[in-house]
Each structure stands twice: as structure tokens, then as C-alpha cells.
Amino acid sequence: MHKPVKYAEKALSYAAGAAWAVFDKLNAVHRNPSFTPKWSDKPLLKSWEKEKPPLGWPRETDSLCPRCVPEIRQQILDGTRPLTDLMNQRPGEIKATIIERDGKILMVKDCPVHGHFEDVMAIDTAFYRHLEQTFPGRDIRAHNDESLHCHGSSTVTHGRGSVLTIDLTNRCNMMCDPCFMDANQVGFVHELTWDDIRTMLDNAISIKPKRQMSVQFSGGEPTLSPYFLDAVRYARKVGYNSVQAATNGIEFAKSAEFCRKAAEAGLRYAYLQFDGIGNAANSHRKVGNLFDVKLQAIENLYANGVDIVPVITLVNGINNEQVGRIVKFALDNPKRFPFLAFQPVSFTGRDEAVTDERRAAQRYTLSHLAHDVKNQTGLGEPARDWFPLSFVSTFSDWSDLVHGPNADWGQLSCGCHPNCGVGMAVMVDKETNEAVPVTAFLNGDRLANDIKRVNDAARGKWLSIFGMALALLRNYDPFQAPTHFRFSDLLKKFDKTFGATGRSYGRVDGARTMDDIWKRRADRWNFLLIAGMWFQDLFNYDFRRTEQCIIPYATQMGEISFCAYNTGIGWRQIVEKMHMTATLTKWYEEHGRHEIFAGGKKVDLARKEHSLVLRDELVTQEEQHDLDRLGVAKNAREEKIRARNERLRKQQEDARMAKLYRQHVLGEKSGPELVQIEAPGSKVQEEEREQVGSFGD
């Protein structure tokens with residue numbers, strides 16, 4: 001039975017609906033023109049001024065040939081083809097078509113040299129359509145960026161991005177599959193100097209629109225860089241209030257003191273590699289106690305004021321069964337996790353030469369994620385509760401309006417393509433663990449349309465805040481909200497997120513203290529975002545996506561979209577090779593070898609105690625065996641072993657046939673010729689031992 005306050009809120013919601021009709025009609029009269037804020041040389045966009053790429057299907061787009069591109073990249077690296085071809089020509093580019101077939105969305109394309117390619121984009125057409133229909137449009141065109149955005153057809157053209165990524169080093173203390181950058185395998189070290197880091201951060205704030213970006217230090221493993229703490233500190237100094245580290249957590253798990261130093265330097269979030277619940281669920285990473293490492297890293301980081309975002313690389317047949325367990329683990333620990341970042345596998349880096357068989361078996365899309373969350377946890381309806389990440393940009397536009405023309409930074413805006421990223425917001429009661437998708441009690445589609453109308457009118461701060469409050473109230477259903485949730489809690493959540501009224505919920509800028517951190521954490525309600533970001537590979541590449549990338553890489557050759565850097569034409573390999581620090585041999589001579597955990601090696605932890613809730617039924621006791629039953633290789637290393645064995649079998653068969661020919665046709669007599677065939681398992685283990693010996697202590 002609902003409490004009386006719920007009925008009162010329902011009555012208020014009905015009244016807000018009537019009031020909105022009057023407000024909206026008056027607000028649409030003589031709309032104000034958009035102002036040009038300090039952080040942009042171009043005015044704020046009205047909703048109808050926002051550009052959109054071609055959407056729907058069938059549609060044609062520009063893509064890449066998965067076979068031509070590696071050849072072109074190698075020619076550039078070898079010096080037989082000029083780098084300027086990437087800026088002035090369109091090497092490796094072919095047309096692709098997005099179509100529907102058998103209830104799925106596919107990308108199909110043909111290369112005149114290498115033939116036909118196709119891949120799955122979605123397994124649910126209604127879900128895919130919903131994402132594209134709720135896409136609000138691109139951000140302001142990037143400007144004042146000519147020296148940093150200059151990469152031919154790979155150039156970022158819209159917005160400023162929401163996370164600037166800086167790879168501090170390509171060194172890593174693990175040897176993972178999958179690995180989109182092929183860490184520890186390229187034969188040289190690419191590590192930024194302090195001058196490099198400072199220059200990249202200074203350059204980043206020159207581009208407009210000057211959004212309130214996050215900075216994520218990545219790698220390799222960023223904590224191996226001698227400048228990690230200095231980089232965090234300097235990023236805070238130049239104005240970024242969300243400084244992150246993409247990390248495997250080993251160094252944070254080994255030392256609580258290191259966590260304290262990172263927090264004091266200004267680290268706000270640790271994007272923690274996290275593939276499942278239990279050591280067995282992480283066994284494909286080849287570290288014997290990797291889940292224990294994750295738990296200890298979470299414990300140490302949280303205690304020192306750093307918030308944790310588990311980052312889950314999802315590979316069909318490897319860990320897709322972990323989706324529900326990870327969501328339930330987060331719901332069991334609502335004070336620890338504000339965000340879950342699922343990342344469907346991108347076949348690049350170590351996996352660029354993936355076979356068609358393994359790619360088909362391991363492909364995992366954003367639609368898989370939405371359905372797995374529903375099927376494994378019961379949370380959410382894919383075509384109702386999941387939205388493109390760019391859906392939030394309508395609310396970012398409102399924040400820009402409210403903060404006025406004199407704000408130094410624009411609001412963070414996730415203006416990416418609707419096929420890039422998705423999210424479902426879940427309101428979690430930290431005291432009872434009750435969890436309800438936000439769009440189950442808040443009409444998301446209608447709310448966004450209402451806020452567009454508030455934004456388009458471009459009134460003053462307080463009238464715009466009133467319009468937002470009225471829109472929230474009329475779209476709010478208290479009977480579907482969590483038991484103890486109130487409309488006042490919803491207003492506070494929006495105010496806390498966008499800082500509209502100026503009320504303090506705990507500082508987040510460079511002057512924040514532990515008191516500020518605990519003040520923000522004291523909120524009873526956790527707005528948990530279950531998000532999916534699907535990075536492209538050469539099989540599903542779409543230039544319409546890279547043009548509006550929200551995760552650009554800062555490099556010695558400008559800022560490059562995430563997918564163009566790691567996949568696409570492969571700017572990573574080009575940048576790192578042209579700006580390499582030293583060969584491995586030279587590096588080892590000068591610096592020695594850092595420790596690498598691979599081949600089942602365990603991390604030595606000072607302690608294993610933690611305060612996380614960990615239910616026994618969520619802990620996986622053995623690795624997933626789907627691919628074993630299908631007879632499909634699990635990773636690039638196994639694939640190479642199988643290919644080698646297939647060659648040996650062919651050699652053996654050729655030798656046998658040649659012997660029969662000599663014996664029965666030519667009448668020769670000879671002894672048997674033996675060809676060694678290697679056992680895949682033993683060879684994999686042997687290679688892992690070699691890797692630890694080559695790159696580790």
C-alpha cells in the first residue's frame with residue numbers, strides 16, 4: 001500500500017501537467033536568441049539547429065576495408081607510403097550499408113580487392129530504432145582547433161568531447177587478451193615525458209567549445225609512469241574537476257598509501273578493469289588472483305576518497321554470463337559504485353587479425369547488453385529504459401543556459417553518435433538496496449522534449465530552473481518510484497548533478513577535501529548509470545561516428561578520436577612508432593624490467609580483508625565454456641597456435657602423399673618421415689612463460 005505522500009505527489013504531478021500547458025504556451029512567445037558563452041566562439045544551439053548524421057536503415061555510410069587498412073598502415077610505418085596520404089586522401093575507405101535482415105541490423109560492405117564483409121550491429125531492431133529516434137543531435141562544431149584536429153577523414157568535427165584520454169605509457173604489468181593496444185608486444189616503449197603531458201593538457205583547453213571535460217590517464221598501465229601523480233595534479237590545476245585513471249588496479253591493491261597519494265593529487269575516479277565476479281571469471285586475464293586484486297583495489301581507493309567505476313570488456317562466450325552478477329554486485333554495494341561501464345569487445349590491437357569464425361562467435365553488441373541486463377537481473381526494458389548517451393546532452397544544454405554567458409567552462413556533453421554508447425539509469429536506495437530504473441517512474445522521452453522547449457525559449461536562470469522543475473514534476477510517477485523516494489529527492493539529484501542553484505553538495509573542484517567527498521557520498525540515493533560504450537573495429541567502422549567522438553586521445557600529433565586511434569587506420573601504431581621513447585633493449589638497459597603478471601602468476605597482496613558485500617551465489621567457480629563446446633579459439637594466441645598446427649598438419653599430409661607417390665608411382669623405398677604436431681594447451685602455456693621471461697622480472 002502506498003504512503004499518503006505518494007498520493008499527494010501524484011496530485012501535484014497532475015497539477016503540474018495543467019500548469020505546464022500554460023507555462024509552455026507563454027514561454028514560446030518571443031523566444032530569446034541564444035547567447036555566445038565565454039567558453040565558445042559560437043552561440044548555443046537551438047534544438048532545430050543541431051545537425052544529425054544519416055540515421056535509420058537502409059542507409060549508406062563510409063567505412064574501411066579490414067584487409068586493406070593493415071597493409072596501408074604497414075606501408076606508412078615502413079616509409080614506403082607518405083603519412084600525408086591519411087590527411088589528403090582516403091586510403092582503405094569503402095562504402096558500407098546498414099540493413100535489416102532476419103530481425104537483426106547488419107553492416108555489409110564490399111572491397112574490390114578483398115571481397116565481401118558483414119557484421120552484426122544489433123540483435124533487436126526496436127532497441128536500435130529507439131536509440132536513433134531519441135538522439136538529440138550533434139554538439140556545437142569544434143573550433144579554434146585547426147592545429148589539433150587535422151587528421152583527414154578521421155578528424156573530429158563536432159563538440160569537445162567528454163573525456164580526454166592520455167596514454168602515459170604503453171608499458172603494462174599484465175599481458176591481457178583482449179588488448180586493444182597490444183601492450184608489451186610492439187617491441188618498443190612509448191612513454192610521455194613531463195613536457196609532453198603538460199603540453200597536451202595545455203593544448204586541450206584551447207579547443208572550443210571548452211567543455212567541462214574529464215581527463216583519463218590510460219596506457220598500458222598509467223600507474224607505471226613516473227609522472228602519474230604529477231599528471232593528475234596538473235590536470236586539476238588547469239581546471240579539470242574529474243580526473244580519472246584507467247587501471248587494472250594492481251598498484252592500487254598493493255598499496256593503500258599509493259591510493260592516498262593519488263587522491264591527494266586529485267584523482268577522482270578509477271576506471272577499474274573488472275571482467276566478472278570471482279577469480280575464475282577473470283581467469284582469461286591470466287593472473288591467478290585477479291579478482292582478489294580488484295576487491296583490494298576497491299577497498300583502498302574508496303577509503304581514500306576515490307570513486308570506482310568497474311569497466312567490463314564483454315566477449316560473447318568468455319564473460320557475457322557475468323553481466324547480471326556484476327550488476328547485482330554493484331546493487332549490493334550501492335555506496336561504492338556510481339557507474340558501471342560495459343564495453344563490448346572491439347576486435348583490434350591483439351585481435352585485429354581475428355578469424356571470421358571467432359568474430360561471429362564472440363561478437364557482442366549494445367543490444368546484447370540491454371537484453372542480458374534484463375534477462376539476468378530483471379531490470380529494465382531495452383526499448384524503454386535504455387537511451388543513447390547523447391540523450392543527456394539536452395540536459396547539458398539546459399545547464400549551459402542556466403549558468404549563463406560568463407561561465408568559464410561548458411557542461412560536460414556526451415554528444416556521441418547513438419550507435420556509440422547507451423545507458424540505463426537506476427535509482428538505488430543505499431539503505432534498503434531497492435533499485436528501480438529511472439525511466440520507469442520518469443517519462444524520459446517526454447521530459448527531454450519538454451526541456452528542449454525550455455532551452456529553445458532561452459529565458460533567464462530562474463525561469464529556466466522553474467521550467468525544469470515543472471517538467472520533472474509533470475513527468476514523475478510517484479507510484480512507480482522506489483518506496484522511500486520523494487520528488488524533492490529528484491530535484492536535489494538534478495541540482496547536485498548540474499549545480500544549477502549554487503547550493504553546495506560538497507565541492508568537486510581542485511579545492512575539494514575529504515569532508516566534501518563524504519558530504520557528496522552521504523546522499524541516500526545512488527543514481528547508478530549502467531552504461532555501454534561500443535568502440536568500433538575495422539569490421540563495423542563508420543566515419544559518421546568518429547566525426548563526433550566524445551573520447552578523443554591527446555597525442556604528439558594532435559587529438560584523435562578513440563576509434564580512429566585504436567582501430568580505423570590505426571593512428572596509435574603510427575604515433576607511437578614515430579615518437580617512440582626507446583627500443584625494449586635500450587629501455588631495459590637504462591631502466592631495468594618491470595614486473596609482469598601473466599601465465600597464472602599471482603599478485604602479492606599485503607592484505608585481503610575487505611568490507612564489500614559479496615554473496616556466495618554471485619561468485620563464479622569456473623570459467624565459461626561456451627567456446628570450448630563450439631570448438632572456437634578464445635583469443636588471438638590460441639588462434640595463432642591453431643593456425644600453426646593446421647599448417648603442420650597440412651605439411652604432414654603433403655609429406656604422406658609425396659611418400660605414397662614415390663612408393664607406388666616411382667617405386668622408391670624409404671623410411672617414415674615424421675612431422676611434430678604441437679598440443680595447443682602446452683604451446684599456449686609455453687608462450688606465456690616466454691612472455692613473462694621476456695618482459696617481466
Which is it for Asp456 and Lys46 under the salt bridge (charged side-chain N to carboxylate O under 4.0 Å, His left out) test, yes or no, and what are the steps along the way? CA-CA 5 Å; Asp456 289 341; Lys46 302 290 188 182; 5.6 Å; no

Between [Y] and [X], do the side chains contain a donor N or O and an acceptor N or O under 3.5 Å apart?
X: His403; Y: Ser399; value: yes
X: Asn443; Y: Tyr476; value: no
X: Thr365; Y: Ser367; value: yes
X: Ser242; Y: Ser214; value: yes
X: Ser153; Y: Glu93; value: yes

Could you label the plane-to-plane angle of the Phe441 and Phe485 rings as parallel, tilted or perpendicular, counting under 30° as parallel and over 60° as perpendicular? tilted

Under the side chain to side chain contact (heavy atoms under 4.5 Å, CB included) rule, what do Leu267 and Phe217 come out as? Steps first, then yes or no, please. CA-CA 10 Å; Leu267 187 67; Phe217 295 108; over 6 Å; no

Quick check on the 6.0 Å ring-centre criterion: do [X] and [Y] meet it?
X: Phe562; Y: Tyr553; answer: yes
X: Trp20; Y: Phe23; answer: yes
X: His371; Y: Phe127; answer: no

Report the C-alpha separation of Tyr541 and Phe543 in whole Å, then their side-chain angles, then the decisive distance to 0.1 Å, and conclude whether the ring-ring contact (aromatic ring centres under 6.0 Å, His included) test is met. CA-CA 7 Å; Tyr541 203 83; Phe543 279 91; 5.1 Å; yes

Distance col, row Ser413:OG vs Ile550:CD1, nearest 0.5 angstrom, shows 8.5 Å

Before accepting this row, confirm whether a basic side-chain N of the pair Glu559/Arg160 lies closer than 4.0 Å to the acidic partner's carboxylate O.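 Arg160 and Glu559: salt-bridged.
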
Sidechain N-carboxylate O distance under 4.0 Å for Lys496, Asp523: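 A salt bridge is present here (some side-chain N lies under 4.0 Å from a carboxylate O).
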
Have a look at Asp139 and tell me which of Lys42, Arg211, Lys52 forms a salt bridge (Lys or Arg N to Asp or Glu O under 4.0 Å) with it. Arg211

Residue Lys10 excluded, over 12 heavy atoms near NZ under 6.0 Å: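 For Lys10, atom NZ is crowded (more than 12 foreign heavy atoms under 6.0 Å).
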
Check whether Trp57 forms a cation-pi arrangement with Arg59 (NZ or CZ under 6.0 Å from the six-membered ring centre, at most 45° off the ring normal). no

